[in-house]
Amino acid sequence: MEQRDQWATKLGLILAMAGNAIGLGNFWRFPYQLASNGGGAFMIPYFIALFFLGIPVMWIEWTTGRYGGKYGHGTIGPMFYLMARESVKPKTALIFGIIGGMLAFSVASLLSSYYYQVIGWSAAYTYYSLTGAYFGKDTVQFFLDYVANTKAVIFFWGLTMVLLGIAVGQGVSKGIERWVKVMMPLLYVFAILLVIRALTLGSPVKPEWSSIKGLEYIWKPDFQTLSKHFFKISLAAAGQIFFTLSLGMGIIHNYASYLGPEDDVALSGLATVSLNEFAEVVLGGSLAIPIAFAYLGPEQAIKGGVGLAYMALPNVFANMPAGQIFGAMWFLLLWFAGFTSAIATYNYLVAMLEEDIHIERKIGTWVVWIFLFILGLPVALDSTLAYLSELDMWVGSYFLVLLGLFDVIVAVWLFKPDNFWEELHKGAYIKVPEWFKPIITYIAPLFMIILLGGNTYDYWKNGAFSVSKYYVTEVLKYDYTPEIISLITRARIVIFIILIIGAIEAY
Ligand code: PHE
Ligand code: NA
C-alpha cells in the first residue's frame with residue numbers, strides 16, 4: 001500500500017490544528033454570542049462547558065482520528081465502524097459508521113456552503129477598506145447592498161474558493177501545512193496589533209464611552225442575568241464551545257488521522273484547545289466588543305448582533321485615524337481565520353473521495369470544488385440571508401452536537417472506556433488524571449443530551465421558522481415574505497438531500 005500522507009513537522013501539525021479551530025467563530029461569532037447573552041453572564045457557563053464538554057470531546061476526536069489513520073482512513077464512517085466493532089457485530093458497527101459518516105458529510109458540505117460565503121465577504125471588505133469604499137456611507141445599507149450585488153459576491157467567494165482548491169489540491173504536508181505556516185503567524189500578529197489599537201482608543205466619541213468598559217462588560221461575572229435566563233445562556237455557551245473548537249464536524253478527526261500511530265494526542269489536543277481559547281477570549285474578546293463600546297456606545301455595541309463585524313465595525317473604521325489600514329487588517333484577519341478553517345472541511349470531502357472511492361486528490365479536489373460551488377450558489381444568490389440562517393440553525397444546533405454524542409458512544413462506550421483511556425495515552429506527553437475519566441464517559445454525553453433537548457425545546461416553543469425569521473426581520477429589517485419562507489423550505493430540502501447522499505456514501 002502507498003504511504004499515507006502525514007504532517008511533516010510537529011509545528012506544522014499544531015498550526016494546522018490551531019488554524020482548523022481558530023476561525024470566524026472566534027472573531028465574528030463569539031463577540032455576538034457574548035453580546036446577545038449578557039456578556040459577563042455568558043462567560044460563566046462558557047468556561048464550564050469548556051471544561052466538561054470541550055476538552056473531553058477534543059481528546060476523543062484526536063484519539064479517534066489517529067486510530068482511523070492507522071488503518072488508512074481519515075473520515076468518520078470507517079473510523080466509527082472500526083471502533084464500534086470492539087463490542088458489537090460488524091453489521092451493527094456498520095450502522096454506527098453510516099450514521100456518523102452521514103452526519104460528518106452533511107456538516108462538512110452544508111457548513112462549507114455558507115461559511116465560505118462569509119469568508120468571501122471578508123475578502124470583499126478587505127478590499128473595500130483599502131479603497132475606503134464604505135467611508136462616509138451608511139454602513140448597514142452598504143452591507144445590504146453588497147450581499148444583493150450578486151456579481152461582487154460571487155467574485156470574492158469564487159476567488160476564495162479557487163485559493164482553497166489550490167491549497168487542498170497540494171495535499172496535507174505539501175499544501176495545507178505550508179499555507180497555515182504562513183497564515184497562522186500573520187493572523188496572530190494582526191490580532192495583537194488590533195488588540196493594542198482597540199485598548200488604546202480612549203474615549204474618541206463621548207467621555208463615558210471607552211473600550212475598557214467593553215472589557216468590563218465581558219469580564220465582570222453577572223450572576224443575576226445568568227440566573228434570569230439560565231437555560232438560554234447556557235445553551236448558547238455550550239453551542240459556542242462546540243462551534244469554536246471545531247467539534248462534531250469530523251475535521252479534527254480528519255487532521256488527526258495524518259498522525260503517526262505513536263504520535264502524542266493528549267498534550268496536542270490540549271494545545272489546540274489552549275491556542276483556540278487564547279484567540280477567542282483574549283484576542284477575539286478584546287476586539288469587536290471593546291471597539292464598538294468606544295465608538296458606538298454600550299447600547300449599540302450590545303445590540304450589534306450578527307451584524308457587528310460587517311455592519312457596525314466598518315462605521316468605526318471610517319471614523320478612526322488610519323482606519324483604512326486597521327479596517328483592512330481586521331477583515332484580512334477574518335479572512336485568514338476563515339480560510340484556515342475552511343481548508344479542513346474541504347480536505348474532509350477530498351479525503352472521502354480519495355480513500356473511499358479512490359479518486360486521485362488532484363481530480364477529487366476539483367470535483368469537490370464544483371460540488372461546493374453548486375451547493376453555495378443558492379446562498380450567494382440570496383440577499384435576505386434567510387437561507388444561510390436556516391442552514392446555520394440546523395448545522396450549528398443539531399448536527400454538531402449529535403455527531404459529538406456519537407463520538408462518545410462509539411469511541412468511549414463501544415470501544416470500551418479502558419481501551420479508550422489506553423489509546424489516549426499511547427505516545428502521550430502527559431498523563432490525564434484518573435478523575436477525568438468519568439467526565440469523558442458520563443458527564444460530557446449528558447451535557448450533550450441536555451443541549452440537544454434544550455435546542456429542540458427552543459425550536460418547538462418558538463415555532464419552526466423562528467430562527468430565520470428573527471434574522472430576517474430583526475437583524476436585517478426585511479419583511480417576512482412568502483418568498484423567504486420558500487427559501488427556507490428550499491434550504492430544508494437541500495439539507496435532506498445531503499443527508500441521504502451522506503448515508504449512501506458512508507455505506
Ligand atoms: N472552529 C471553526 C471556527 O471557529 C469552525 C469551522 C471550522 C467552521 C471549519 C467552518 C469550517 O470558525
Ligand atoms: Na474557533
Side-chain angles (χ1 to χ4, degrees), residues 15-34 46 49-50 53-55 57-58 61-62 76 104-122 157 160-161 164 167-168 176 179-180 183-184 187-188 191 237-256 269 271-285 287-288 306 309 333-351 368 372 375-376 379 388 391-392 394-397 399-401 403-404:
L15 289 179
M17 280 289 197
N20 178 330
I22 300 171
L24 297 170
N26 303 50
F27 300 100
W28 163 66
R29 196 178 192 275
F30 174 70
Y32 86 71
Q33 288 292 329
L34 193 57
Y46 179 88
L50 175 65
L53 187 62
I55 295 174
V57 179
M58 183 61 83
E61 298 199 344
W62 271 78
I76 300 285
F105 169 76
S106 309
V107 170
S109 318
L110 296 170
L111 183 60
S112 302
S113 76
Y114 68 86
Y115 192 88
Y116 292 16
Q117 303 294 331
V118 186
I119 310 175
W121 302 350
S122 314
W157 164 56
T160 302
M161 277 197 59
L164 281 171
V168 173
I176 299 176
W179 285 66
V180 296
M183 287 187 172
M184 290 311 288
L187 181 149
Y188 276 104
Q240 174 62 17
I241 285 296
F242 244 86
F243 190 92
T244 192
L245 291 174
S246 296
L247 302 176
M249 303 182 179
I251 58 183
I252 299 288
H253 312 74
N254 177 250
Y255 272 20
T272 311
V273 173
S274 313
L275 287 169
N276 182 71
E277 289 313 306
F278 176 72
E280 180 141 306
V281 298
V282 179
L283 301 176
L287 290 172
V306 257
L333 165 74
L334 287 182
W335 191 80
F336 282 153
F339 192 92
T340 52
S341 294
I343 287 185
T345 50
Y346 198 139
N347 190 68
Y348 185 91
L349 297 169
V350 173
V368 171
L372 289 178
L375 215 55
V379 189
L388 182 154
L391 292 180
D392 185 46
W394 284 96
V395 173
S397 330
F399 293 2
L400 302 187
V401 192
L403 185 52

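Indexing begins at 1, ligand by ligand and atom by atom, following the structure's order. Heavy-atom basis, side chains included; hydrogens, waters and symmetry copies ignored.
With a 4.0 Å cut-off on non-hydrogen atoms, Met249 touches ligand 1 through its side chain and not its backbone. At a heavy-atom distance under 4.0 Å, only side-chain atoms of Leu111, from C-beta outward, approach ligand 1. With a 4.0 Å heavy-atom cut-off, ligand 1 is reached by the backbone of Ala21 but not by any atom from C-beta on.
When only non-hydrogen protein atoms are considered, atom 9 (C) of ligand 1 lies nearest to Ser341 O, 3.3 Å.
By the 30° and 60° cut-offs, the orientation of the rings of Tyr46 relative to Phe30 is tilted. Ring pair Phe399/Trp394 is tilted by interplanar angle, where 30° to 60° counts as tilted. In this pair, Phe278 and Tyr188 present their aromatic rings parallel. The plane angle is below 30°, not in the 30 to 60° band.
Interface of Asn20 with ligand 1, defined as ligand atoms under 4.0 Å from a residue heavy atom, comprises 1 (N), 2 (C), 7 (C). In the vicinity of Asn26, heavy-atom distances shorter than 4.0 Å reach the ligand 1 atoms 4 (O). Counting the atoms of ligand 1 from 1 in the order shown, those under 4.0 Å from a heavy atom of Ile251 are 7 (C), 9 (C).
At least one N/O/S atom of Thr244, whether from backbone or side chain, sits less than 3.0 Å from the Na ion (ligand 2). Taking backbone and side-chain atoms together, Ala21 has an N/O/S atom less than 3.0 Å away from the Na ion (ligand 2).
Between OD1 of Asn276 and OD1 of Asn26, the angle at the Na ion (ligand 2) works out to 90°, rounded to 10 degrees.
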